[in-house]
Each structure stands twice: as structure tokens, then as C-alpha cells.
Amino acid sequence: MGKNYDNDEMEIDLLELFYVLKSKILAILGVGLLFGCIACAYAGFLVKPLYTSSSMMLVLTKETTLSSLADLQMGSQLTKDYSILITSRPVLTDVIDQLDLDMDYKQLKNMITVANQDDTRILQLSVEYSDAKQAKEIVDKLSEVASEYIGDKMEVTPPKIIEKGEVPTSRSNTGVAKMAVMGVLAGMILCAGVIVVRTIMDDTIKSEEDIEKYLGLSTLSVIPDRKDYINGSGKKKSKRNDAGKRKAS
């Protein structure tokens, strides 16, 4: 029986929280909209938009028989070496010089991502930059320079560029709309959390039901608050006095 009582009490508490949140829905929505506007302004004016362009390279070996198991294994091993060489200092410096970029090779390296899918000989080169057109130019030039550098230094068949980059049409980092939605949700959750915590921490007695619930005592009678009645009668009395004064005058 005690266990069922505890469950009933928990259900009543949750129901009380629900009604408290329902009564504060306008405040929750207001805080959510405020946070959404702040997040929208932050994303629009303070966060620099970034764009990503990607190209693909096929790792080749001196063997031309694609069905050769040894050829496939060798190509898979070479992709690991190529991933390191693509972002090496000589390659990046050459790309910067040819495109006349205002950055050093370390900054360019932080913009580059080289990925290799498992059990394939395909390398995907991605460049994230603040200018969409410039991102495509950088990834294309990087593919060309890296292919020539790898073929020359490793004395192997240069990787073949099978897909050049495209000019991205949308930003790769968080957009304004997404930031606004995240801000609204964060504001609503934060406001609701504050209301829930204040409700749980509030142990004041507000009604006879609270006395029975928290103190385990039954209320015998209730004395109403007469302040409103007294104030109201005072207003009536003053009106009668004003009326008497008018008649006397």
C-alpha cells in the first residue's frame, strides 16, 4: 500500500508541474523567442560563413590489372601515404604560391580534410573556406599539385583526379535558420527548467490541500482573507460621504 501511495504522490507532483508550466507558457515562449533572436543575430553578424568544396582522386599502381588482388591491396596501402603527402608543407606552399593566397601553409592545412572510405582506393579532398568560389579553386589546385608531387617523389603512377570540386551553394557551418531554432529551443528549455526548479523548491503552504499533503493534517475550517472586503467597504463609505457632501452643498 505504501508503494502505491508513493506512486500516487509522484503522479500528483508531475501533474502539478504540468499545470505550472501550462500557466507560464507565455513566459516560456517569450524567453524562447528572445534566445532565438539573440542566436539569429549571433549567427548572422558574428559567425563567419564557411563553404566546403570536395574533389576525388583514384590511387593507381604500376600494375594496370584492376582485378589483381595484389594491386588492390597495394593501392589501399598507398592511400595512407598519400593522405599524409597531400597535406605536406611543400604541396601546401606550392598551392599558396600559385593561387597567391594570403595565408601560411599551417592555416591552409587546417582547412583541408582528406578522407578514404574503407576498402577503396579513392581519396576525397575537402577544403572549407569563407569564399565558395575560392574553396573550389583551392581544392582543384590542391588535387593537381598533390598528384604531380606524389608521382614525382614516390616514383609511382600519379593519382588520377576523377572528380573536380564544385562551387558550394550553401554554407557548411551552422546557418542562421538552424541557429535561430536552436536558440528558441534552448531558451524554452532553460526557462522551463528554472520554473520547475522554483516550483520544486517552493515549500510554502498555499491551500488547505497543501496542509493535508505536506503536513498530513486535516483542516477543520478556513478563515477567509477579509482585506478585499474591508477595502471594498471603505470605498463604498467614501462614496456615501462624497454623496452627502454634494447634497449638503
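- You'll find the side chain of Ile200 reaches within 4.5 Å of the side chain of Leu17, heavy atoms only.
- The hydrophobic clustering, which links ILVMFWY residues whose side-chain heavy atoms are closer than 4.5 Å, places Met182 and Met188 apart.
- Looking at Ser53, its side chain does come within 3.5 Å of a backbone N or O of Glu166 through a donor-acceptor pair.
- Considering only heavy atoms from C-beta on, Val20 stays 4.5 Å or farther from Arg198 through its side chain.
- Applying the salt bridge (charged side-chain N to carboxylate O under 4.0 Å, His left out) test to every pair with at least one member in residues 142-154, sequence neighbours left out, gives these pairs: Lys141-Glu144.
- The environment of NZ in Lys24 is sparse: at most 12 heavy-atom neighbours from other residues, nucleotides or ligands sit within 6.0 Å.
- Sorted by first and then second residue, the side chain to side chain donor-acceptor pair (under 3.5 Å) pairs involving residues 41-51 (not counting sequence neighbours) form an empty list.
- Note on Leu50: it does not cluster hydrophobically with Met179, by side-chain heavy-atom contacts below 4.5 Å among ILVMFWY residues.
- In terms of heavy-atom proximity, Ile195 sits nearest to Thr199 at O-OG1, 2.7 Å.
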Might you work through the side-chain contact (heavy atoms from CB on, under 4.5 Å) test for Leu101 and Gln134, ending with a clear yes or no?
CA-CA 10 Å; Leu101 300 177; Gln134 190 75 54; 3.4 Å; yes
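- You'll find the side chain of Leu125 stays beyond 4.5 Å of the side chain of Ile112, heavy atoms only.
- Counting heavy atoms from C-beta outward, Ile86 and Leu142 have side chains that approach closer than 4.5 Å.
- Side-chain atoms of Ser55 do not come within 3.5 Å of backbone N or O of Asp140 as any donor-acceptor pair.
- Two residues are said to be in side-chain contact when any heavy atoms from C-beta on lie closer than 4.5 Å; Ser54 and Val139 fail this criterion.
- Smallest separation of non-hydrogen atoms from Leu92 and Thr87: CD1-O, 3.5 Å.
- Leu185 and Ile38 fall into different hydrophobic clusters, where Ile, Leu, Val, Met, Phe, Trp and Tyr side chains are chained together by heavy-atom contacts under 4.5 Å.
- Between Lys133 and Lys136 the shortest side-chain heavy-atom distance does not fall below 4.5 Å.
- With Leu123 as the fixed residue, the side chain to side chain contact (heavy atoms under 4.5 Å, CB included) test singles out one of Ile162, Asn116, Leu58: Asn116.
- Note: Tyr105 OH to Ile96 CD1 = 9.5 Å, rounded to the nearest 0.5 Å.
- Listed here is the closest heavy atom pair of Ile122 and Met56: CG2-SD, 3.9 Å.
- Counting only heavy atoms from C-beta outward, the side chains of Val184 and Leu29 never approach each other to under 4.5 Å.
- Here the NZ-OG distance, from Lys109 to Ser88, works out to 8.5 Å after rounding to the nearest 0.5 Å.
- Applying the side-chain contact (heavy atoms from CB on, under 4.5 Å) test to Ser147 and every residue at least two apart in sequence or in another chain returns Met57, Pro158, Pro159.
- Under a hydrophobic clustering in which Ile, Leu, Val, Met, Phe, Trp and Tyr are joined whenever their side-chain heavy atoms come within less than 4.5 Å, directly or via other members, Val31 and Leu21 fall into different clusters.
- Leu33 and Ile28 fall into different hydrophobic clusters, where Ile, Leu, Val, Met, Phe, Trp and Tyr residues are linked whenever their side-chain heavy atoms come under 4.5 Å apart, directly or through other members.
- No more than 12 heavy atoms of other residues, nucleotides or ligands sit less than 6.0 Å from atom CG of Asp102.
- Residues Phe35 and Leu190 meet the side-chain proximity criterion, which asks for heavy atoms closer than 4.5 Å.
- One finds the CG atom of Asn110 at 10.5 Å from the CE atom of Met103 (value rounded to the nearest 0.5 Å).
- The nearest pair of heavy atoms linking Gln107 to Asp104 is N-OD1, 2.8 Å.
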